[in-house]
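Starting from 1, each residue takes its place in the sequence as its number. Each ligand, and each atom within it, is numbered from 1 in the order the structure gives. Every heavy atom of this structure was used, including side-chain atoms; hydrogens, water molecules and symmetry mates were not. What you see is a predicted model; the values in this text were computed from it and never measured.
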Amino acid sequence: MSLRIRPMTISDLDHVLAIAETAVTAPRWPRESYQEAIGPGSRRIALVAEQDGLVAGFAVMSILPPQAELESIAVASRWLRHGVATALLQDLMEAARWGEATELLLEVRASNRAAAELYARAGFLEVGRRPGYYADPVEDAVILRLGLWKSRVQL
Ligand SMILES: CC(C)(COP(=O)(O)OP(=O)(O)OC[C@H]1O[C@@H](n2cnc3c(N)ncnc32)[C@H](O)[C@@H]1OP(=O)(O)O)[C@@H](O)C(=O)NCCC(=O)NCCS
């Protein structure tokens, strides 16, 4: 088993959309949003994780220094709990530092336990809530923050 993190390309998009489709707690982005994210002049970093040559997960982050925002991260069901999201997160943190961001922020559904555990383990802390932010079902968004100069991810 070999895990490789690399930039997302156009030819990944069918796989990325398929993963996002099955990961019900991932944001529903249309193909055009991913195309924009990987297109020229984008302020976003979009990565995929490859397991044995197949797309196992992906993540998208925007950078507007001093902040970076994790906008989407999802892993194919076959590869859950294999460290794929942790590896994506680690590379995004590195990219955010290179982009001169000093903090990484994200919003997550209050009930998303898998994501909450992932982020807690990476060192994110809750800094606020947006009541009723999500629809279908209506739910609070928890705002999490990671200071990039003191971050840690345990593999
Ligand atoms: C959240 C998600 C991205 C995690 O991906 P993953 O590749 O399985 O995560 P990792 O294997 O890197 O897990 C790292 C740690 O996070 C925690 N974790 C991950 N999934 C978990 C779960 N279902 N329950 C409890 N803890 C979990 C564990 O501490 C895990 O370490 P361990 O496996 O050694 O116990 C994945 O569950 C997913 O795609 N969910 C649907 C999309 C989504 O909700 N995205 C986040 C939106 S904000």
Exercise for review: Can you pull out the closest protein heavy atom to atom 11 (O) of ligand 1? Residue, atom name and distance to 0.1 Å, please.
Suggested key: Gly83 N, 2.8 Å

Check your understanding: Do you know which two heavy atoms are closest between Pro30 and Leu17, and how far apart they sit?
Key -> C-CD2, 4.5 Å

Study note, to complete from the structure: Judged by heavy atoms only, the candidate from Thr86, Leu80, Thr22 nearest atom 38 (C) of ligand 1 is Leu80

Study note, to complete from the structure: re atom 42 (C) of ligand 1, the protein heavy-atom contact at minimum distance is Thr25 OG1, 3.5 Å

Check your understanding: Between His82 and ligand 1, which part of the residue brings a heavy atom under 4.0 Å of the ligand: side chain, backbone, both or neither?
Key -> backbone

Practice item. Check whether any N or O atom of Ala74, backbone or side chain, sits under 3.5 Å from an N or O atom of ligand 1, and answer yes or no. Key: no

Point to revise | Close side-chain approach of Leu89 and Leu70, heavy atoms under 4.5 Å | key: yes

Review point. For Arg81 and ligand 1, does the shortest N/O to N/O distance drop below 3.5 Å?
Key: yes

Check your understanding: Who's the nearest protein heavy-atom neighbour of atom 31 (O) of ligand 1, and how far?
Key -> Arg121 NH1, 2.6 Å

Check your understanding: Quick check: does Val75 get an N/O under 3.5 Å from an N/O on ligand 1?
Key -> yes

Review point. Should you measure from each heavy atom of Leu118, which atoms of ligand 1 turn up under 4.0 Å away?
Key: 12 (O), 14 (C), 16 (O), 17 (C)

Revision key, fill the gap. Atom 45 (N) of ligand 1: closest protein heavy atom, distance to 0.1 Å, is Ile73 O, 2.8 Å

Review point. When you measure from atom 4 (C) of ligand 1 to every protein heavy atom, which one gives the shortest distance, and what is it?
Key: Ala85 CB, 3.7 Å

